[in-house]
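Letters A, B, ... mirror the listed sequences (proteins, then strands); counts begin at 1.
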2 protein chains.
Amino acid sequence: MVCLCDDAPGQPEEQGRGAVTPSDQTALMAIGEAMDVRPGTKLFRQGDAATHIYMVESGVVRISHDLLDGKRQVLAFRWGGDVFGMAAGGRYLNNADALDKGRIQRFQAERLQELLLSRPHMQNRFLLQATAEISLQQHRIILMAKYDVVTKVVAFLLECCGNGQCFDPATQILKLPMSRPDIADYMGVATESVSRALGVLERRKIIHRHDMHHLAIDLPRLRDCARL
Amino acid sequence: MVCLCDDAPGQPEEQGRGAVTPSDQTALMAIGEAMDVRPGTKLFRQGDAATHIYMVESGVVRISHDLLDGKRQVLAFRWGGDVFGMAAGGRYLNNADALDKGRIQRFQAERLQELLLSRPHMQNRFLLQATAEISLQQHRIILMAKYDVVTKVVAFLLECCGNGQCFDPATQILKLPMSRPDIADYMGVATESVSRALGVLERRKIIHRHDMHHLAIDLPRLRDCARL
DNA sequence: CGAACAGTTGAAGACGATCAATCTGAGTGG
DNA sequence: CCACTCAGATTGATCGTCTTCAACTGTTCG
């Protein structure tokens with residue numbers, strides 16, 4: 001949920017993702033390198049040297065962390081416009097895998113660093129996005145700590161519906177590019193619990209499972225059963 | 001867990017908290033305003049206009065969020081050197097309360113913003129600290145999602161022991177300024193569960209409750225029962 | 001056509017929350 | 001100095017939710 005930057009502060013954002021002025025845009029593109037990915041493409045592993053910062057142009061990327069005992073936590077899904085791969089200690093702490101066909105832009109960390117130092121307003125955008133990311137994570141901590149499985153799944157679905165990428169408001173169809181274990185590991189519950197939660201929501205006529213990766217969603221009803 | 005900044009990049013840090021060069025230090029002090037606080041002092045409430053950024057000089061500050069149903073999540077404890085109160089949307093999302101007698105420095109958001117824009121390296125320090133904060137929160141998410149109550153309490157104790165503020169390595173005594181409900185709401189468990197977990201650790205001779213706010217800690221044994 | 005795998009559903013068990021009772025310690029007034 | 005009080009902490013017993021294990025279904029791919 002991090003987006004890029006613009007030169008002049010205080011100018012209104014046209015889209016939700018934030019406007020990018022030509023000069024910033026071109027400066028970024030000048031140091032960027034595009035990659036086409038397909039489902040399963042590994043962008044980086046935890047422990048790798050953190051050489052690049054990534055940005056999703058299209059597709060979905062899963063950020064996950066493997067634990068010593070073999071368990072896995074999915075920390076985020078990154079959609080179009082999102083930035084990932086910012087590591088503080090010189091090494092990536094997490095894995096990044098493409099879930100979908102898509103296009104990723106990546107920037108050498110040192111060169112991006114230089115660019116940010118030479119463009120304070122652009123760096124400020126990054127800083128603002130980082131603080132926004134912190135707030136989002138705090139939301140997630142609250143969700144994990146205080147709510148039951150059904151509510152977690154509802155929150156997850158709402159988050160997905162917020163993405164034009166995978167939710168079509170006209171047809172009310174949500175396309176989920178990730179597997180049930182991905183969802184389960186994202187919400188910190190068992191795969192079976194996700195299934196059961198979806199079952200509950202379907203019985204309540206809030207969703208309808210067209211197939212495993214396509215849900216029809218009654219968005220208003222989904223929203224008011226969140227109570228967040 | 002955010003600290004301040006220095007002018008020249010790449011220079012080694014003297015303390016863990018990061019060195020601050022005189023010019024940055026003085027520039028910050030010029031726009032700063034010191035406040036003395038006592039236990040219970042409210043720095044800000046969720047929903048307040050986010051006018052200031054805060055930094056702890058001494059003492060401990062609790063960052064918490066109240067939910068609609070009356071439950072509360074403690075999101076962080078801020079110790080000496082930590083920064084808090086960075087809000088993306090113009091309003092604080094959380095509450096900040098002093099737990100201890102101490103001294104807080106605060107900066108008007110707009111003036112700090114100006115200062116950061118005029119000092120790219122200083123802003124870069126903030127950005128780095130923000131990404132470090134994101135990593136810490138990811139750790140917290142994993143902790144909340146995957147581990148049992150005892151492990152959570154162990155992780156909490158280790159976090160506290162990392163602070164020279166409250167842990168004396170010589171005497172092995174940890175001084176906890178927060179109450180049991182604070183700890184419970186921080187780890188997302190019930191108060192009773194914290195008590196029981198401390199009981200377990202005491203029976204295992206890993207800690208000894210001198211009184212409610214003072215624990216004798218066998219740090220090596222505590223460390224290897226973490227398994228994180 | 002059959003194997004392998006993802007997803008779903010069912011039954012049993014474990015862990016932690018909740019409720020209630022007891023204990024501890026600090027502050028107060030006799 | 002000691003009993004009293006009150007809040008916070010601890011302990012015990014019960015209950016509910018979610019995990020785990022296992023069986024079953026449906027889909028995809030050789």
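One interatomic measurement links the two molecules: NE2 of His214(B) to P of dA26(C), which rounds to 9 Å at whole-angstrom precision. One interatomic measurement links the two molecules: CG of Asp148(B) to P of dT20(D), which rounds to 12 Å at whole-angstrom precision. One interatomic measurement links the two molecules: NZ of Lys71(B) to P of dA17(C), which rounds to 11 Å at whole-angstrom precision. Following rounding to the nearest Å, Met187(A) (CE) and dT19(D) (P) show an atom-to-atom distance of 12 Å. In this structure, Tyr147(B) places its OH atom 14 Å from P of dG16(C), rounding to the nearest Å. Between the CD atom of Glu202(B) and the P atom of dA9(D) there is a distance of 15 Å, rounded to whole Å. Taking atom CE of residue Met144(B) and atom P of nucleotide dC15(C), one finds them 20 Å apart after rounding to whole Å. Whole-Å rounding puts the Asp185(B) CG to dA9(D) P distance at 12 Å.
Nucleic acid contact for Val194(B): none, since no nucleic acid atom lies under 4.0 Å from a heavy atom of the residue. Contact annotation for Asp211(A): no contact, since no heavy-atom pair falls under 4.0 Å across all strands.
Using cut-offs of 30° and 60° on the angle between ring planes, the pair Tyr92(A) and Phe44(A) is parallel.
Side chain of Arg72(A) to backbone of His65(A): no donor-acceptor contact under 3.5 angstrom is found. Counting only distance, with no hydrogens or angles, the side chain of Ser58(A) and the backbone of Arg103(A) share a donor-acceptor pair below 3.5 Å.
Here the nucleotide nearest the side chain of Ala190(B), chosen from dG7(C), dC18(D), dA17(C), is dA17(C). Nearest to the side-chain atoms of His213(B) among the listed nucleotides dG7(C), dC18(D), dA9(D) stands dA9(D). The nucleotide whose nearest atom lies closest to any side-chain atom of Arg196(B) is, among dA13(D), dT8(C), dT19(D), dA13(D). For Met212(A), counting side-chain heavy atoms from C-beta on, the closest listed nucleotide (dG7(C), dA9(D), dT9(C)) is dG7(C). Comparing dA9(D), dC21(D), dT18(C) by their closest approach to the side chain of Glu192(A) singles out dC21(D). Side chain of Ser195(A), nearest nucleotide from dG16(C), dG7(C), dA9(D): dG7(C). Closest contact between the side chain of Arg209(A) and the listed nucleotides dT8(C), dG16(C), dT10(D) involves dT8(C).
None of Val194(A), Val74(A), Leu143(A) except one satisfies the side chain to side chain contact (heavy atoms under 4.5 Å, CB included) rule with Met187(A); the exception is Leu143(A).
Residues Asp48(A) and Lys42(A) are not paired through a salt bridge, judged by the lack of any N-O separation under 4.0 Å between the basic side chain and the carboxylate.
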